[in-house]
Peer 1: 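First, the structure itself, so that you have it in front of you.
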Amino acid sequence: MKKIVLFASGTGTNAENIIVHFNKKNIGTVAAVFCNNPNAKVLDKAKKWNVPTVVFSKEEFSTDKVLQKLNSFQPDLIVLAGFLLKFPQNIIQTYPNKIINIHPALLPKYGGKGMYGMHVHRAIIENKETETGISIHFVNEHYDEGNVIFQKTVTLAGNETPEEIAEKVHQLEHQHFPEVIEKLITHNS
Ligand code: GRF
């Protein structure tokens, strides 16, 4: 059974969707949810499904304390699902090609520092884009610049609110993120 460790900072609808997906399969399991925000809703969701949680501060993140805790779960894949802090070098070097992130736009467009959550969807509207989508990519030391593994596009009518775009993007994420994770953990066995 492959072990997946999730990192999330907020609501955690993707995290819960991944937990539920792998609860139904015998190929992988979510071993833990790591979170930098003690008030994040994702922690309640993890507890609801009996997934261990680890909460740490921004300052602790780049220390070996978090790395050692992560090592204790022996992850085969580390998945960032709405995680907002920059990943530190010590974790990236320990887990080369084993950390992936989901981004709510079609990278390399609308990526980089400051491009997260509703900022992305507002920029899409400002630029009158006719489509947007999701990107799942490997994590390296630069924001949103690791190799893209998977993208899916959704067409925009042009009159959507940022919230409506967020909803369309979330639907794509929920539909495709678990299956991409599944492919990665089964191919690396
Ligand atoms: C997702 O849209 C993801 O692409 C982005 O943050 C959002 C997290 O949503 N990185 P949720 O917490 O999983 O609902």
Peer 1: Name the one of Phe73, Phe83, Tyr95 that satisfies ring pair (Phe, Tyr, Trp, His ring centres under 6.0 Å) with Phe7?
Peer 2: Phe83

Peer 1: Could you tell me which residues satisfy salt bridge (charged side-chain N to carboxylate O under 4.0 Å, His left out) with Lys128, sequence neighbours excluded, listed by chain and number?
Peer 2: none

Peer 1: In Å, rounded to the nearest 0.5 Å, how long is the span from CD1 of Ile92 to CG of Asn140?
Peer 2: 6.5 Å

Peer 1: Could you tell me whether a side-chain N or O of Glu60 sits under 3.5 Å from a main-chain N or O of Ser57, the two making a donor and an acceptor?
Peer 2: yes

Peer 1: Which label fits His174 and His170: parallel for a plane angle under 30°, tilted from 30 to 60°, or perpendicular past 60°?
Peer 2: tilted

Peer 1: Applying side-chain hydrogen bond (donor to acceptor under 3.5 Å, both in side chains), run through Glu167 and Gln171 and close with a yes or a no.
Peer 2: CA-CA 6 Å; Glu167 175 57 29; Gln171 276 176 18; 3.2 Å; yes

Peer 1: How would you list, by chain and number, every residue that makes a side chain to side chain contact (heavy atoms under 4.5 Å, CB included) with Ala15, sequence neighbours excluded?
Peer 2: Leu6, Val42

Peer 1: With a 4.5 Å cut-off on side-chain heavy atoms, are Val169 and Ile165 touching?
Peer 2: yes

Peer 1: Tell me, yes or no, whether the heavy-atom count around Tyr116 atom OH, taken from other residues, nucleotides or ligands under 6.0 Å, exceeds 12.
Peer 2: no

Peer 1: State, with a plain yes or no, whether a side-chain heavy atom of Val55 is found less than 4.5 Å away from one of Leu43.
Peer 2: yes

Peer 1: Would you check if Val148 and Ile136 make a side-chain contact, meaning some heavy-atom pair closer than 4.5 Å?
Peer 2: no

Peer 1: Where do Ala40 and Cys35 come nearest, in terms of heavy atoms and distance?
Peer 2: CB-SG, 3.6 Å

Peer 1: What residues form a side chain to side chain contact (heavy atoms under 4.5 Å, CB included) with Lys58, not counting sequence neighbours?
Peer 2: Leu85

Peer 1: Kindly indicate whether the side chain of Thr132, heavy atoms from C-beta on, has any atom under 4.5 Å from the side chain of Leu156.
Peer 2: yes

Peer 1: Measure the spacing between NZ of Lys3 and CG of Leu77 and express it to the nearest 0.5 Å.
Peer 2: 13.0 Å

Peer 1: Would Val154 and Ile125 show up in the same hydrophobic cluster when neighbours are defined by side-chain heavy atoms closer than 4.5 Å?
Peer 2: yes

Peer 1: Would you say Lys168 has more than 12 foreign heavy atoms packed within less than 6.0 Å of its NZ?
Peer 2: yes

Peer 1: List the residues meeting salt bridge (charged side-chain N to carboxylate O under 4.0 Å, His left out) with Glu164, not counting sequence neighbours, and say none if there are none.
Peer 2: none

Peer 1: For a 4.5 angstrom cut-off between non-hydrogen side-chain atoms, does Pro75 reach Ile4?
Peer 2: no

Peer 1: Just checking, is any N or O donor in the side chain of Asn101 or His137 under 3.5 Å from an acceptor N or O on the other one?
Peer 2: yes

Peer 1: Hey, could you give me the CD1/CG distance between Ile99 and Leu70, rounded to the nearest 0.5 Å?
Peer 2: 8.0 Å

Peer 1: Quick one: pull up CD in Glu145 and CD in Glu141 and give me the separation to the nearest 0.5 Å.
Peer 2: 9.0 Å

Peer 1: Membership question, hydrophobic clusters at under 4.5 Å side-chain separation (ILVMFWY): are Leu172 and Met115 in the same one?
Peer 2: yes

Peer 1: Only counting residues at least two apart or in another chain, list the ones meeting salt bridge (charged side-chain N to carboxylate O under 4.0 Å, His left out) with Glu173.
Peer 2: none

Peer 1: Quick check: is Ile27 connected to Ile100 through a chain of hydrophobic side chains (ILVMFWY, heavy atoms under 4.5 Å apart)?
Peer 2: yes

Peer 1: Output yes when a side-chain donor or acceptor of Gln74 lies under 3.5 Å from a complementary backbone atom of Asn71, and no otherwise.
Peer 2: no

Peer 1: What pairs with His21 under ring-ring contact (aromatic ring centres under 6.0 Å, His included), at least two apart in sequence or on another chain?
Peer 2: none

Peer 1: Which pairs with one or both residues in residues 29-46 pass side chain to side chain donor-acceptor pair (under 3.5 Å), sequence neighbours excluded?
Peer 2: Ser9-Asn36

Peer 1: Within the structure provided, determine whether Ile18 and Val20 are in side-chain contact (heavy-atom separation under 4.5 Å).
Peer 2: no

Peer 1: With sequence neighbours left out, what residues match Lys25 under salt bridge (charged side-chain N to carboxylate O under 4.0 Å, His left out)?
Peer 2: Glu182

Peer 1: Would you call Ile134 and Gln151 a side-chain contact if the rule is heavy atoms closer than 4.5 Å?
Peer 2: no

Peer 1: Of all heavy-atom pairs between Arg122 and Pro162, which one has the smallest distance, and what is that distance?
Peer 2: CG-CG, 3.9 Å

Peer 1: Does Val33 form a side chain to side chain contact (heavy atoms under 4.5 Å, CB included) with Val54? I'd like the steps, not just the answer.
Peer 2: CA-CA 6 Å; Val33 171; Val54 177; over 6 Å; no

Peer 1: Output all residues satisfying side chain to side chain donor-acceptor pair (under 3.5 Å) with Gln89, sequence neighbours left out; order by chain, then residue number.
Peer 2: Gln93

Peer 1: Nearest 0.5 Å, please: how far is CD1 in Ile124 from CE in Met118?
Peer 2: 11.5 Å

Peer 1: Hey, quick one: are Ile181 and Ile19 part of the same hydrophobic cluster, counting side-chain heavy atoms closer than 4.5 Å, chains of contacts allowed?
Peer 2: yes

Peer 1: Are Phe177 and Asn17 close enough that some pair of their side-chain heavy atoms sits under 4.5 Å apart?
Peer 2: no

Peer 1: When you group the ILVMFWY residues by side-chain heavy-atom contacts below 4.5 Å and let the links chain together, are Ile102 and Val120 in the same group?
Peer 2: yes

Peer 1: Could you work out, with side chain to side chain contact (heavy atoms under 4.5 Å, CB included) as the rule, every residue matching Asn127, not counting sequence neighbours?
Peer 2: Tyr110, Glu129

Peer 1: To the nearest 0.5 angstrom, please state how far the CG atom of Asp76 sits from the CE atom of Met1.
Peer 2: 11.5 Å

Peer 1: Could I get the full list of ring-ring contact (aromatic ring centres under 6.0 Å, His included) partners for Phe56, not counting sequence neighbours?
Peer 2: Phe61

Peer 1: Ser135 side chain to Ala105 main-chain N or O, any donor-acceptor pair under 3.5 Å?
Peer 2: yes

Peer 1: Is there any side chain to side chain donor-acceptor pair (under 3.5 Å) pair reaching into residues 46-56, and which pairs are they, with sequence neighbours excluded?
Peer 2: Glu16-Lys48, Glu16-Trp49

